[in-house]
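Read through the structure below, which is laid out as structure tokens, and then see the notes.
Labels below follow one simple rule: chain letters A, B, ... track the order of the sequence lines, proteins then strands, and each chain is numbered from 1.
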Number of protein chains: 2
Amino acid sequence: MPCRGHHHHKPRSLSELAARLRGGAKKFTGPRKAVLEVLAAHPHPMTIKDVHSETKSECDLATVYRALHLLEEMELVKRFDFGDGIARFELLAEGDDGHHHHLICTECSDIIEIEECFTESLEEKIAERSGFKAVTHKLEFFGICPDCQKR
Amino acid sequence: MPCRGHHHHKPRSLSELAARLRGGAKKFTGPRKAVLEVLAAHPHPMTIKDVHSETKSECDLATVYRALHLLEEMELVKRFDFGDGIARFELLAEGDDGHHHHLICTECSDIIEIEECFTESLEEKIAERSGFKAVTHKLEFFGICPDCQKR
DNA sequence: AAACCAAATGCAAAACGTTCGCAGCGCGTT
DNA sequence: AACGCGCTGCGAACGTTTTGCATTTGGTTT
């Protein structure tokens, strides 16, 4: 599988995540621990529903929403949008801004990470031509994975 | 390889759109006419709510949803997703597959169309490496427009 | 032109992901 | 151990989108 991920970044330990929260005057609670553990165990963007059920529903769904919202603000997780109206989250490694893209199978939702970002220099060009500032982008790829092609 | 902007494509007339519908065993009804007229009058992706209010609410909101869904299936309109959970639709011109991208102001939602598609050759590369087939992509740019920078 | 039928509409209700208000619980501190 | 604020769970509400169903309407046939 050509998913190489971003292993140039060191993943954060749970205790470091706890320290990060406490450093931000936030509490390291049971639900937040559960959410972080689930995210740490999954290398790909997860839906909130999946995070919730992976915690064995130890905590409320609304709490998972709030936890992920907080973690996003603290830049410990990154939100991805695959265009289906369902938010997905990935735990960020140390020093990773989370800017990367995915290749998603439209049949089975299998996800492969794409490490290159091809459009960085283009942001400058677009900013220059349009007069826009702080230009960013969202880019995701879609296709049919080898397994689904056989079916 | 940059893709051609869509203003090189001839826009469809209402009567041609009517013929297209009828050719697909679909009816050219009042609501569908209203929706098509609204879309034809706006060069940028429109939310369903906006389409609905521009028709002066002559037809039901649910009907606008159904009309746009049908038109999307018939490839007469294209759906865009700006990551805010609200679908946007653009009328396609003749021979236009609608593949292009946008630069969206995160403050005022002003939209600029980007004509080049920078990632076409990359789809091939990605398909080759991953074994995926029928690889497409979604790409949108975000930034702050000149007007909003002044505020 | 009238009748016909499937397709399309309006309306209301529901489904969906997500957010919020609030009473009470628990983490980190004193 | 006790305190206080932040956090949680629960239910209700939100906004977008979908759906069920009785009624209407477009396109076709008599």
Side-chain angles (χ1 to χ4, degrees), chain A residues 14-38 45-74 76-89 109, chain B residues 14-38 45-74 76-89 109:
Chain A
L14 248 201
S15 57
E16 198 223 319
L17 288 163
R20 277 298 214 98
L21 279 169
R22 285 192 265 256
K26 306 292 175 187
K27 294 181 181 174
F28 186 62
T29 60
R32 291 179 182 170
K33 178 166 177 283
V35 166
L36 286 167
E37 279 173 343
V38 167
M46 293 186 75
T47 65
I48 292 182
K49 214 191 241 175
D50 285 345
V51 172
H52 179 238
S53 62
E54 287 280 319
T55 64
K56 290 138 199 153
S57 305
E58 280 162 16
C59 55
D60 194 75
L61 182 60
T63 301
V64 179
Y65 274 93
R66 286 187 274 231
L68 286 170
H69 202 258
L70 171 73
L71 294 170
E72 186 186 9
E73 273 178 1
M74 298 187 72
L76 295 177
V77 306
K78 180 147 170 63
R79 177 192 298 256
F80 288 95
D81 160 48
F82 291 173
D84 59 358
I86 305 172
R88 285 172 174 81
F89 292 87
S109 299
Chain B
L14 248 201
S15 58
E16 199 223 318
L17 288 163
R20 276 299 213 97
L21 279 169
R22 285 192 264 258
K26 304 292 175 187
K27 295 180 182 175
F28 185 62
T29 61
R32 290 180 182 168
K33 179 166 176 281
V35 166
L36 286 167
E37 279 172 344
V38 167
M46 293 186 75
T47 65
I48 292 184
K49 214 191 241 178
D50 285 344
V51 172
H52 178 239
S53 62
E54 287 279 319
T55 64
K56 292 138 198 153
S57 305
E58 281 162 17
C59 54
D60 194 75
L61 181 60
T63 301
V64 179
Y65 274 93
R66 286 187 275 230
L68 286 170
H69 203 256
L70 171 72
L71 294 170
E72 186 186 9
E73 274 180 0
M74 298 186 73
L76 295 177
V77 307
K78 181 147 169 65
R79 176 192 299 256
F80 287 96
D81 158 50
F82 292 173
D84 59 357
I86 305 173
R88 285 170 174 81
F89 293 87
S109 299

(message) Enumerate the salt bridge (charged side-chain N to carboxylate O under 4.0 Å, His left out) contacts for residues 17-33 of chain B, please, sequence neighbours excluded, ordered by first and then second residue.
(response) Lys33(B)-Glu37(B)
(message) Using a strict heavy-atom distance below 4.0 Å, which residues from residues 17-27 of chain B are in contact with DNA chain C?
(response) Lys26(B), Lys27(B)
(request) For the helix from dA1(C)-dT30(D) to dT30(C)-dA1(D), figure out the bend between the end axes, five pairs an end, and round to 10 degrees. (result) 20°
(request) Keeping to residues at least two apart or across chains, list the salt bridge (charged side-chain N to carboxylate O under 4.0 Å, His left out) pairs with something in residues 47-56 of chain A. (result) none
(message) Quick check against the 3.5 Å criterion: does His52(A) have a side-chain atom that pairs as donor or acceptor with the backbone of Thr47(A)?
(response) no
(request) Let me know, please, whether Leu70(B) or Thr29(A) comes out on the 5' side of the other along DNA chain C by nearest nucleotide. (result) Leu70(B)
(message) Under the rule for ring-ring contact (aromatic ring centres under 6.0 Å, His included), what residues qualify as partners of Phe28(A), not counting sequence neighbours?
(response) none
(message) Taking any heavy-atom pair under 4.0 Å as a contact, classify Arg66(B): base, sugar-phosphate, or nothing.
(response) base
(message) According to salt bridge (Lys or Arg N to Asp or Glu O under 4.0 Å), who are the partners of Asp60(B), at least two apart in sequence or on a separate chain?
(response) none
(request) Could you tell me the separation between the CG atom of Leu36(A) and the CD atom of Glu16(A), rounded to the nearest 0.5 Å? (result) 11.0 Å
(request) Name the first nucleotide and the last nucleotide along DNA chain D (5' to 3') that come under 4.0 Å of a heavy atom in chain B. (result) dT16(D) to dG27(D)
Got a list of side-chain donor-acceptor pairs under 3.5 Å for residues 61-74 of chain A, not counting sequence neighbours?
unit_1: Glu72(A); atom_1: OE1; unit_2: Arg79(A); atom_2: NE; d: 3.3
unit_1: Glu72(A); atom_1: OE1; unit_2: Arg79(A); atom_2: NH2; d: 3.0
unit_1: Glu72(A); atom_1: OE2; unit_2: Arg79(A); atom_2: NE; d: 3.1

(request) Using heavy atoms and a sub-4.0 Å distance, could you list which residues of residues 78-87 of chain A are near DNA chain D? By number, please. (result) none
(request) Please name the pair of heavy atoms, one in Val35(A) and one in Thr55(A), separated by the smallest distance, quoted to 0.1 Å. (result) N-CG2, 4.3 Å
(request) Enumerate the residues from residues 50-60 of chain A whose closest heavy atom to DNA chain D is under 4.0 Å, giving them by residue number; use none for an empty result. (result) Glu58(A), Cys59(A), Asp60(A)
(message) Nearest 0.5 Å, please: how far is CG in Asp84(A) from OG in Ser109(A)?
(response) 7.5 Å
(message) Reading DNA chain C from 5' to 3', where do the contacts with chain B start and stop? Cut-off is 4.0 Å to heavy atoms.
(response) dA6(C) to dC11(C)
(message) If you assign each of Tyr65(B) and Thr63(A) to its closest nucleotide in DNA chain D, which residue comes earlier from the 5' end?
(response) Thr63(A)
